[in-house]
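Here is the structure we will look at.
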There are 2 protein chains.
Amino acid sequence: MTSEGRGLHARLLACLGPEITSGEYPPGTVLRTDALERRFDVSRTVVREAVRVLESMRLVSSRRRVGVTVRPTEEWNVFDPQVIRWRLAGSDRPRQLRSLTMLRSAVEPVAAGLAARLATPRQCAELTEHALGMVATSRGQQLDAYLVHDVAFHRVVLRASGNEMFAKLGDVVAEVLAGRTEHHVMFTDPDPAAVTLHVQVAEAVRTRDEDRAERLTREITTGAMAELDVLAP
Amino acid sequence: MTSEGRGLHARLLACLGPEITSGEYPPGTVLRTDALERRFDVSRTVVREAVRVLESMRLVSSRRRVGVTVRPTEEWNVFDPQVIRWRLAGSDRPRQLRSLTMLRSAVEPVAAGLAARLATPRQCAELTEHALGMVATSRGQQLDAYLVHDVAFHRVVLRASGNEMFAKLGDVVAEVLAGRTEHHVMFTDPDPAAVTLHVQVAEAVRTRDEDRAERLTREITTGAMAELDVLAP
DNA sequence: CGTCCAATAAGTATTACATTTTAGTGAAGC
DNA sequence: GCTTCACTAAAATGTAATACTTATTGGACG
């Protein structure tokens with residue numbers, strides 16, 4: 001895990017972040033630094049460092065004479081992995097999961113098409129390896145092991161696309177997949193059709209069939225979208 | 001502009017951010033806080049606040065006994081609007097512009113399809129208005145006025161998709177369009193074909209023709225991609 | 001060699017105080 | 001009554017001095 005770690009200010013963040021993103025403090029709420037100081041029993045410096053970070057995530061804005069104000073949701077940096085994690089852990093997880101899965105649906109097929117053109121032999125091998133790993137773990141309550149391969153597979157595809165923005169979405173995909181496994185927004189065993197599709201995508205990338213890689217990946221993501229509609233109403 | 005604004009720490013950021021993202025301090029470089037203190041003639045507190053923000057953008061990591069280390073590029077929060085802006089202003093703008101345009105190509109068509117299903121009458125009207133605005137300003141060196149309508153058009157589409165992640169990409173698109181106009185990665189007058197396509201997208205959304213909206217938007221974005229290949233090699 | 005321990009260097013945290021901005025208030029003037 | 005302007009006070013912003021923690025380094029000792 002990237003955060004929640006050391007440093008007093010990090011602990012402050014780990015409390016405040018979720019509280020804000022969960023809507024516990026609705027937009028417009030003002031938090032005064034000295035109140036936070038007392039509440040968490042930390043020094044001013046620590047509070048200010050935490051506030052600075054929240055500010056850079058555009059969750060709050062700090063103005064003199066008024067205090068630290070919670071910003072409206074539309075202004076949040078919803079692509080910040082930390083914000084994503086907080087929101088996925090919170091109450092509007094379903095909505096969040098839907099947004100993110102839709103993003104996947106848009107990006108991953110394109111990335112797969114690019115990957116088919118650009119993937120290195122090594123990446124092709126990794127793809128096949130993880131696809132087979134998914135097959136091997138797709139039966140008998142091995143969701144955790146399956147998840148590892150699933151995440152790795154999609155990371156490789158996104159990285160192989162050669163686009164750094166796409167590559168960075170690997171983190172988002174990881175959160176989504178982990179989130180849906182963890183929170184049981186998934187059948188007890190993975191959909192066999194999806195597993196097959198992954199194997200086929202690996203094949204399409206290996207054989208440089210861009211269109212097929214794109215089409216198959218689109219099937220995977222629309223499947224994920226459909227699954228979400230069934231399991232998380 | 002969202003940043004560079006008040007506060008000493010913000011000014012520090014406005015210096016350090018570009019320096020790091022431009023590669024002036026290559027990954028692995030360590031910056032010591034007391035060195036920064038002296039260099040910018042500010043107090044420890046200010047330096048630490050700035051460092052905290054850079055850390056949350058994952059541009060640097062701060063460890064005891066070693067200092068503030070610049071992280072490798074792959075770990076940066078490349079979706080942070082601030083980071084995007086710094087990089088677009090820097091030396092690897094072409095590469096950056098290509099990544100972002102590719103992201104647009106992936107997302108906008110999907111968003112347009114959704115918009116055709118979900119756009120409110122008001123949003124349809126705005127779309128038409130801005131499309132017509134583009135037509136009106138597409139000739140005779142009115143690139144600035146054209147840009148305003150272009151940005152607004154895409155913002156409305158992305159917002160109308162109903163997906164908050166897509167909506168947030170409006171900022172990114174704005175940066176891209178502004179960037180390419182500003183840096184003359186564009187013909188002196190906009191491509192007439194593109195202008196027509198915008199009008200048609202507005203029409204498709206208004207008539208709830210999801211497929212057509214998606215297809216036309218895909219034409220726009222692939223056009224943008226192609227234009228980039230021609231003008232920024 | 002390898003282990004342990006002390007020195008040290010760096011970020012981390014607290015405290016107290018000074019400065020700056022600005023919302024809010026209320027009085028003067030139109 | 002409404003505007004305007006200056007004052008006040010609240011809150012964030014910035015500085016400085018000081019103490020704390022914790023990795024790393026390197027040397028002493030087994």
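Every chain is numbered from 1, with letters handed out A, B, ... down the list of sequences. Computed from heavy atoms alone, side chains included, the values below leave out hydrogens, waters and symmetry copies.
Spacing between atom CG of A:D34 and atom P of D:dA10 amounts to 11 Å, rounded to whole angstrom units. For the pair B:F40 CZ and D:dT13 C1', the interatomic distance rounds to 19 Å; values are reported in whole Å. Per the geometry, CZ belonging to B:R44 stands 19 Å off C1' belonging to C:dC17, to the nearest Å. Here the C1' atom of nucleotide C:dT14 and the CG atom of A:D41 are 11 Å apart, to the nearest Å. The interatomic distance linking B:R48 (CZ) with C:dT15 (P) rounds to 14 Å, in whole Å. Remark: C1' of C:dT20 and CZ of A:R63 are 15 Å apart, rounded to the nearest angstrom. Put simply, NE2 on A:H9 is 16 Å from C1' on C:dT14, counting in whole angstrom units. Rounded to an integer number of Å, the gap from CG of B:L8 to C1' of D:dA12 is 13 Å.
Side chain B:R65 to base D:dT24: a donor-acceptor pair is found below 3.5 Å. For D:dT21, the base has a donor-acceptor partner in the side chain of B:R64 [N/O atoms by modelled type, under 3.5 angstrom].
When each of A:H198, A:R206, A:Q123 is tested with A:T128 by the rule side chain to side chain donor-acceptor pair (under 3.5 Å), just one qualifies, namely A:R206.
Salt-bridge formation is not detected for the pair B:E108/B:R155: no Lys NZ or Arg NE/NH1/NH2 atom is positioned less than 4.0 Å from an Asp or Glu carboxylate oxygen. A:E19 and A:R39 are joined by a salt bridge, as a carboxylate oxygen and a charged side-chain nitrogen come within less than 4.0 angstrom of each other.
Within the nucleic acid shown, B:T45 comes within 4.0 Å of at least one base atom, counting heavy atoms only.
Out of C:dG11, C:dA13, D:dT15, the shortest distance to the side chain of B:R32 is found at C:dG11.
Side-chain N or O atoms of B:N163 include one that pairs as donor or acceptor with a backbone N or O of A:S99 at under 3.5 Å.
A heavy atom lying under 4.0 Å from DNA chain C marks none of the residues of residues 49-57 of chain A.
A:S91 and A:S22 are not linked by any side-chain donor-acceptor pair at a separation below 3.5 angstrom, with hydrogens and angles left out of the test.
At the phosphate of C:dT12, OP1 or OP2 sits under 4.0 Å from a side-chain N or O atom of B:S62.
A parallel orientation is assigned to the rings of B:F79 and A:F79, their planes being inclined by less than 30° (bins at 30° and 60°).
For the pair A:R71 and A:L59, the minimum side-chain heavy-atom distance is 4.5 Å or more.
Judged by closest nucleotide on DNA chain D, A:L31 is the one of A:L31 and B:S43 placed further toward the 5' end.
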